[in-house]
Amino acid sequence: MKFFYPDSLDLVDPEFDFKSEEHSNHRVRHRDDVFAHDLLEEAPYHGLLVSRSMVYGTGGNQRYRQSQRFRLLRTGAHHFFETDQAPNAPLQIMGDCGAYAYVEQETPPVTVDEVLDFYESCCCDYVLSVDHVIPGFHTERQKSEGNSIPDEWRRRQEISLSHARSFLKEHQARGHSSVPIGIAQGWDGDSYAQAVEALQKMGYDYVALGGLASLATEDIASTVEQVSGVLQDGTRVHLLGVSRAREFRRFQNWGVASFDSTMPLRQAFMDDKHNYHTPEKDYLAIRLPKVTASTQLQKKVNEEKISASEAFKHEQRCLRTLRRFDRSKASVEEVIDRVREYELLFNGRDQTGKYRELLEDRPWKDCDCTVCQRLGIEVTLLRGKERNKRRGFHNMRVLFEKVAPALQGR
């Protein structure tokens with residue numbers, strides 16, 4: 001099973017100084033910053049998923065500057081991302097139209113030709129058909145209650161199948177060397193299975209299941225299992241936006257060959273529990289915002305409830321104690337006391353009880369990835385993009401290693 005990471009220009013400054021909190025003097029972000037596969041000793045994924053909506057900013061999802069978009073389309077994704085420089089090169093590129101960006105629209109705002117032109121310019125290895133997301137799922141409970149399927153859902157499924165038919169025909173006419181993947185949209189196991197059957201009749205031997213990302217694991221698993229019952233010999237399945245590591249072996253047995261997910265990076269700084277991943281368990285990162293970057297602290301300073309110098313003193317005391325702890329020069333209790341003081345200062349909460357397990361286990365000491373080896377305890381701090389994204393890179397590596405047994409058929 002292969003893991004593709006959806007690109008969103010997640011870069012870090014390799015020369016960032018974590019003690020002074022400063023970038024190098026001559027740093028130019030879009031020239032000098034690096035991706036996960038540049039920073040780590042091994043790319044933490046088998047390839048990247050490049051979304052047209054991300055590149056063009058469809059639906060307000062603007063990440064690419066015009067100059068970056070022009071360079072990507074002129075040189076191709078492999079050159080843009082320097083995929084041949086990764087230790088486990090070459091990394092593969094999967095192209096996607098980015099249907100979630102236009103889910104609110106009645107029809108996809110892009111044509112099959114426009115999407116294929118994008119894929120061709122990017123020199124993609126795998127290309128996904130144009131689809132339209134169905135914004136809902138018909139659970140078993142809803143079925144038992146006799147809830148009907150909205151006509152809009154059926155219309156969107158037909159749009160996706162119609163575009164898939166045109167996509168494959170035009171892909172063949174252009175003589176693309178890329179592998180076409182037909183996207184199935186549905187609202188329950190039956191409808192997904194029917195869509196996959198239709199895609200296979202069109203000629204697809206690689207299909208993707210879209211619209212499952214936000215569903216409960218049991219709904220995803222039951223859907224994939226039902227789809228597996230209609231797969232022809234040799235047909236592979238890609239899961240769009242889905243990563244459920246505990247289900248990898250079952251997914252593989254049901255024909256899943258690949259998946260993509262931003263979850264490891266997003267959880268690094270957008271989750272309330274699972275910020276730092278290990279193969280065995282996840283930990284909560286230590287909340288230690290910069291005084292100048294904390295809206296809560298700045299509000300208190302502006303309201304004269306605390307002085308900026310006092311807040312800065314607490315912040316620096318925390319950092320010094322954490323770094324001493326990393327060198328075995330301070331105890332867990334000392335860290336807990338300093339962090340508690342600062343937390344109560346900036347948000348009035350005390351989460352130090354949740355940090356104790358992280359501090360006692362010291363999981364970063366057992367990790368041999370480049371991020372943990374270089375940053376030490378800094379990787380566990382929820383504090384600015386440079387630390388947070390590096391922690392996300394570490395999380396991707398953990399997921400990548402969980403994929404390995406499935407990829408090897410174990």
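Residues take their numbers from the sequence shown, with the count starting at 1.
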Item to check | Contact list for residues 371-391, test ring pair (Phe, Tyr, Trp, His ring centres under 6.0 Å), sequence neighbours left out | outcome: none

Next on the checklist: Any carboxylate oxygen within less than 4.0 angstrom of a Lys/Arg side-chain nitrogen, looking at E378 and R383?
Outcome noted: no

Checklist entry - Do N388 and R391 get their side chains close enough for a donor-acceptor pair, meaning under 3.5 Å? => result yes

Next on the checklist: Taking P108's backbone N and O only, do any of them form a donor-acceptor pair with H163's side chain (distance below 3.5 Å, no angle check)?
Outcome noted: no

Next on the checklist: Looking at R362 and D326, is there a salt bridge between them, counting it only when a charged N and a carboxylate O are closer than 4.0 Å?
Outcome noted: no

Item to check | Carboxylate-amine/guanidinium contact K300 E303, below 4.0 Å | outcome: no

Item to check | Passing option when H78 is tested against D125, D84, L91 for side chain to side chain contact (heavy atoms under 4.5 Å, CB included) | outcome: D125

Item to check | N-O pairing of R52 and D117 below 4.0 Å | outcome: no

Item to check | Contact list for residues 337-375, test ring pair (Phe, Tyr, Trp, His ring centres under 6.0 Å), sequence neighbours left out | outcome: Y342-F346

Item to check | For E334, all residues meeting side chain to side chain contact (heavy atoms under 4.5 Å, CB included), sequence neighbours excluded | outcome: T321, R324, A330, S331

Item to check | Side-chain heavy atoms of V237 within contact of Y206, under 4.5 Å | outcome: no

Item to check | Partners meeting side chain to side chain donor-acceptor pair (under 3.5 Å) with S228 (sequence neighbours left out) | outcome: none

Item to check | Partner set under side chain to side chain contact (heavy atoms under 4.5 Å, CB included) for V230, not counting sequence neighbours | outcome: A193, V196, E197

Checklist outcome for this item: Sorted by chain and residue number, the side chain to side chain donor-acceptor pair (under 3.5 Å) partners of S177 (sequence neighbours excluded) come out as none

Next on the checklist: Looking at E106 and R155, is any side-chain nitrogen of the basic one under 4.0 Å from a carboxylate oxygen of the acidic one?
Outcome noted: no

Checklist entry - Would E152 and R156 pass as an ion pair if we require N to O under 4.0 Å? => result yes

Checklist entry - Just checking, any donor-acceptor pair under 3.5 angstrom between side chains of H238 and D260? => result yes

Return a table of donor-acceptor pairs under 3.5 angstrom between the side chains of residues 291-299 and protein atoms on other chains or two or more places apart.
| unit_1 | atom_1 | unit_2 | atom_2 | d |
| --- | --- | --- | --- | --- |
| S294 | OG | L297 | N | 3.1 |
| Q298 | NE2 | V291 | O | 2.8 |

Item to check | Sequence-distant partners of R165, side chain to side chain donor-acceptor pair (under 3.5 Å), two or more places apart | outcome: none

Checklist entry - Residues in side chain to side chain donor-acceptor pair (under 3.5 Å) with Q185, at least two apart? => result D131

Item to check | side chain to side chain contact (heavy atoms under 4.5 Å, CB included) partners for D350, two or more places apart | outcome: R340, E343, L344, T352

Checklist entry - Any side-chain donor-acceptor pair under 3.5 Å between R266 and N395? => result no

Checklist entry - With sequence neighbours left out, what residues match T370 under side chain to side chain contact (heavy atoms under 4.5 Å, CB included)? => result L40, E41, R374

Next on the checklist: Between K281 and E357, does any side-chain N to carboxylate O distance fall below 4.0 Å?
Outcome noted: yes

Please list every donor-acceptor pair under 3.5 Å in which a side-chain atom of residues 3-10 meets a protein atom from a residue at least two apart or in another chain.
| unit_1 | atom_1 | unit_2 | atom_2 | d |
| --- | --- | --- | --- | --- |
| Y5 | OH | D10 | OD2 | 2.7 |
| D7 | OD1 | L9 | N | 2.8 |
| D7 | OD2 | Y64 | OH | 2.6 |
| S8 | OG | D10 | OD1 | 3.4 |
| S8 | OG | D10 | OD2 | 2.6 |
| D10 | OD1 | K389 | NZ | 3.1 |

